[in-house]
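Just the heavy atoms: all of them, side chains too, but no hydrogens, waters or symmetry mates, feed the values below. We count residues from 1, following the sequence as given.
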Amino acid sequence: MDPVRNPYAPGAGQRPPELAGRDRELRQFEVVLERVARGRPERSMIITGLRGVGKTVLLNAFRSMAIQKLWGTGKIEARPDQSIRRPVASALHMAVRELAPRHRAPDRIEAFLGVLKAFAQAGPEPSGAKAKARAHRWQPGIDVPASRGRADSGDLEIDLTELFVDAASVATDVGAGIALFVDEMQDVPADDVSALCAACHELSQIGGPLIVVGAGLPHLPAVLSASKSYSERLFRYARIDRLDRESADVALLAPAEREEVTFTKDALDALYGAADGYPYFVQAYAKVVWDVAPDTPITAEDIRVAAPEAESELAVGFFGSRYERATPAERDYMRAMAVLGDDPVPTAAVADELGRKPSSLSPARDGLIKKGLIYSAERGMVAFTVPHFGKYLRSQPA
């Protein structure tokens, strides 16, 4: 079939042609937007799940919904070694810039921008002369002077709380809300997580129309809970996983039928068996199947022919690229995990498999967690962040 008309889109955060199986989460966020718009108390929202289940796609869908409601929005992607101070400042600058044309008092906007600029510049400077010079280049089109005495203490918890309160006040002036979207939220540094929770806590108490919507790996709730004991009451949590059979079929059939192509039932059976319902795998297999199938309907034989090529692409781009990031010691650790199975495994069992003391493996385990390859499912347990990663490792030569 014509590869130019291929509707499937396996990509990092790329929206699939049919966002199937996420109606419940979309409805939940619609409720959040409506309640905040009516001045009702509402919690910020956290999406969690493994790699490839569509967290970033859903986060972007939420942002589109907020924009349609005329909210101000901004988005950041957290990094383990980077403070969120300046990324948040840039995101809120974008959000307020979206609201500014509807505000009747330009001086009110300028006052907030002065606070925003002070907030961005209040953090500790990087070491070294060149780094210090770069630090003062944060000038994202804000021509007003930095304010003094507001959000500029240098303590992120104090400053972020004051900034959020002021941003929420601007949104209140125009009868709208602000949504800050944080991808890879588990990578926010520990002190910054604490500050973010404290700022959200203050907003929940005053009813300010600003929400934080985060997406991260399954252990993100534990990260938040370790930071602030009240975090489990501060956020609305939504765990997303593989698609059920009906939703996976819709993800395949809806875009194909718009191109006047369909699948036989046996083909759908085979594709669900291969992709196991994981959204990224559904798109990856379907894209290759489309390109190799001679005509419609796509059959189980087409799936059989296409599977090796799809698996090869996943082995290089989805699994292999992650495996290559690990050190030799970290690779040994992951291989031991894979031998023990696909479910979360005890760290003590990994040590036994390697014939080592658990304490001697802490650097490898911590390195893998920092790289986002494994996560601590619960105390003393670890699991892969990538579905079928254990299966991939078991298929590779030692």
Side-chain angles (χ1 to χ4, degrees), residues 3 6 8-16 49-57 77-81 183-184 186-187 215-219 241-243 248 270-292 303-345 350 353-354 361 363-377 382-398:
N6 192 327
Y8 301 106
Q14 188 170 348
R15 185 183 176 110
L50 296 174
R51 304 281 184 201
V53 296
K55 299 185 299 298
T56 301
V57 168
E77 182 176 316
R79 299 177 183 176
D81 301 317
D183 206 0
E184 302 292 347
Q186 76 283 340
D187 287 338
L217 293 172
H219 65 294
D241 204 338
R242 71 188 80 188
L243 301 175
L271 268 174
Y272 192 77
D276 200 21
Y278 286 103
Y280 183 84
F281 295 166
V282 169
Q283 297 297 313
Y285 277 93
K287 189 174 193 305
V288 175
V289 168
W290 178 285
D291 289 343
V292 305
I303 311 301
R304 187 190 66 78
V305 171
E309 182 179 342
E311 289 163 4
S312 177
E313 290 187 9
L314 286 170
V316 174
F318 192 70
F319 298 117
S321 60
R322 288 177 164 84
Y323 183 70
E324 292 300 323
R325 291 166 51 201
T327 66
E330 291 167 353
R331 292 176 188 178
D332 289 343
Y333 194 96
M334 289 192 292
R335 285 185 175 277
M337 287 177 59
V339 168
L340 295 169
D342 298 315
D343 295 325
V345 297
V350 177
E353 180 67 27
L354 292 170
L361 295 173
R365 183 197 64 226
D366 294 347
L368 289 169
I369 291 174
K370 188 173 183 180
K371 290 174 181 175
L373 295 171
I374 68 172
Y375 69 98
S376 180
V382 287
F384 292 113
T385 62
V386 177
H388 292 188
F389 201 64
K391 178 182 177 182
Y392 162 76
L393 290 175
R394 290 191 294 273
S395 70
Q396 301 302 301

Describe, in one word, how the ring planes of His219 and Tyr375 are oriented to each other, choosing from parallel (under 30°), tilted (30 to 60°) and perpendicular (over 60°).
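Aromatic pair His219/Tyr375 classed parallel.
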Look at the rings of His388 and Tyr278 and say which category their plane angle falls in: under 30° parallel, 30 to 60° tilted, over 60° perpendicular.
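Because their plane-to-plane angle is over 60°, the rings of His388 and Tyr278 count as perpendicular.
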Identify, with sequence neighbours excluded, every residue that meets side chain to side chain donor-acceptor pair (under 3.5 Å) alongside [X].
X      : answer
Asp187 : none
Glu184 : Arg51, Gln186
Asp291 : Asn6

So does [Y] get a backbone contact from the side chain of [X], meaning a donor-acceptor N/O pair under 3.5 Å?
X      : Y      : answer
Ser312 : Pro308 : no
Lys55  : Leu50  : yes
Glu77  : Asp183 : no

Residues two or more places apart in sequence or in another chain: which of them pass salt bridge (charged side-chain N to carboxylate O under 4.0 Å, His left out) with Asp342?
Arg394
Would you call Tyr8 and Tyr285 a side-chain contact if the rule is heavy atoms closer than 4.5 Å?
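No - every pair of side-chain heavy atoms lies 4.5 Å or more apart.
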For Tyr280, the ring-ring contact (aromatic ring centres under 6.0 Å, His included) test, sequence neighbours excluded, returns Phe318
For the residue pair [X] and [Y], what are the closest heavy atoms and their distance?
X      : Y      : value
Ala338 : Gly390 : CB-O, 3.7 Å
Ala310 : Ala284 : CB-O, 4.4 Å
Leu393 : Met334 : CD1-O, 3.6 Å
Ala306 : Val288 : O-CG1, 3.6 Å
Ala9   : Gln14  : CB-NE2, 3.6 Å
Thr385 : Gly372 : OG1-O, 2.6 Å

Spacing of [atom1] belonging to [X] relative to [atom2] belonging to [Y], to within rounding of 0.5 Å:
X      : Y      : atom1 : atom2 : value
Leu243 : Asp276 : CG    : CG    : 10.5 Å
Arg15  : Thr56  : CZ    : OG1   : 13.5 Å
Lys391 : Phe319 : NZ    : CZ    : 8.5 Å
Arg365 : Leu368 : CZ    : CG    : 10.0 Å

In sequence, state the C-alpha distance, the side-chain angles, and the governing distance for Leu373 and Val386, and then conclude on side chain to side chain contact (heavy atoms under 4.5 Å, CB included).
CA-CA 7 Å; Leu373 295 171; Val386 177; 5.5 Å; no
Passes side chain to side chain contact (heavy atoms under 4.5 Å, CB included), Ile374 versus Tyr333? Steps please.
CA-CA 10 Å; Ile374 68 172; Tyr333 194 96; 4.1 Å; yes
Sequence neighbours excluded - salt bridge (charged side-chain N to carboxylate O under 4.0 Å, His left out) pairs with any residue from residues 319-330
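The answer is Glu324-Arg331, Glu330-Lys371.
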